[in-house]
Amino acid sequence: MKEDKKSEGQRKQEALSYKKKNYYEETSATEREAIFAYAEGYKAFLDAAKTEREACDYAVKAAQDKGFTEYKFGEKLRAGDKKYYVNRGKSVVVFRVGKRNLEEDGFRIIASHIDAPRIDIKQNPVYEEAGMCFLKTHYYGGIKKYQWTAMPLALHGVVVLQDGTKKEIRVGEDETDPVFYINDLLPHLGAEQMNKTAAKVIGGEQLNVLVGSVPYADKDVSDKIKLNVLSVLHDKYGMCEEDFLSAELSVVPAFRARDIGFDRGLVGAYGHDDRVCAYPALTALLDFESEHTVLAMLVDKEEIGSIGTTGMQCKVFEDVMEEISVALGANFRKVRAHSKCLSSDVTAAYDPNFPEVYEKMNAAILSHGTCMNKFTGSRGKSGSSDASAEFVGEIRKAFNDAGVIWQTAELGKVDAGGGGTVAMFVANLNIDTVDLGVPVISMHAPYELISKADLYSTYKAFQAFLC
Ligand code: MN
Ligand code: MN
């Protein structure tokens, strides 16, 4: 690499052209170790937190371990305070109060979601037929239904009993636990099924989860297998069939997070979308002190429209910000006007097996760093919050100054489809917002892939943004 051997054109090309960089190629041996070490913590988080409730509990515990305490509306605040606000056990805002003037400086916000596509149990779900007992389901979020059959599944959630007691259920994660299953058709009899479109290969009402097969030992009762399952549930959780009415139970893949590839550069797991952004949001906030007042919002219901009491569109997140502003004697309108937000959600990584849906120049390339989507939406940017050049310029400078390897992308080719995030809901509050997150292969599949380099790059990007 001797400078004098370069031609004038070569030097000009280097100075003027833009090229994405592979983070692994840019990094030092020490940082490469940090990349791999950070992924170990992330994998443990994935295995511990497969639902929004579990992710929320994890975040609260991690915050408490770092000296954060629960915040209640009306509480006084001062610079240096480390707090978290839990919303119904399904979403949480973790924040630090900085010493800068809030009206002039605003908040630095990272917003990620902790729900993931899955299969929910219906309210009246139990039946038996042909030697098997099943639970009927209604899937949650955008899944390819055929991907969820013929593999080990775990059951997670809560049941509220008649007397108000809440029982937590988590079966299928321990090596000694049983797992659950959704049947598929054998290929020998699948001729007609294989002629259907992929959307119809498995129908919504065929996603019945197999949960039992042993009859209750009493010849005088009917539906013996169902009774046996109910009996097991009663012994273990004190519940009866009616308690399913007031339950939130979900079926998720029973797989654990694993390294992918001989060189271990990738992580395969259920629910990278969007825990792969929520984890760096949480850890960056917990790990780094800042002069700004910084918030990590880990929210629910993004996969079904961000609505309801725990989704990003709920007023509670605005309330938290307003309460903090009031507690610090700041005008909330001024605070919002000066706040900045990274809406941190995953994007689609370019997949060479499906090149037809990507435009490679503007696609996220695996291991080329955390990825900014200036806008999302579909067909003419519809339904998107399009970040301004000024705000993107500010973030770009912060990342480059901090040596963050990052890239930009759109979600697929123009007219190929698209998607949305929580960005618009924050931006609607008059807060500059842009999407930034980890590129994912096989997004929304039961087992998704991400690069450890992109995960770590996101963590570093958050540090640059928050501090
Ligand atoms: Mn997402
Ligand atoms: Mn998603």
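What you see is a predicted model, and the numbers here were worked out from it, not measured in a lab. Both counts, for ligands and for their atoms, begin at 1 and track the order of listing.
Restricting D273 to its N/O/S atoms, the shortest distance to the Mn ion (ligand 1) is reached by OD1. Here the N, O or S atom of E303 that is nearest to the Mn ion (ligand 2) is OE2. Minimum-distance N/O/S atom of H444 relative to the Mn ion (ligand 2): NE2.
Between Y71 and F73, the two ring planes are perpendicular [angle over 60°; tilted spans 30° to 60°].
To the nearest 10 degrees, the angle centred on the Mn ion (ligand 1) between OD1 in D345 and NE2 in H113 reads 100°.
Under a cutoff of 6.0 Å and an axis angle of 45°, K381 and F375 form a cation-pi pair.
Put simply, CD1 on I110 and CG on L342 are 6.0 Å apart, with the number rounded to the nearest 0.5 Å. Remark: T310 OG1 to H113 NE2 distance equals 13.0 Å, nearest 0.5 Å.
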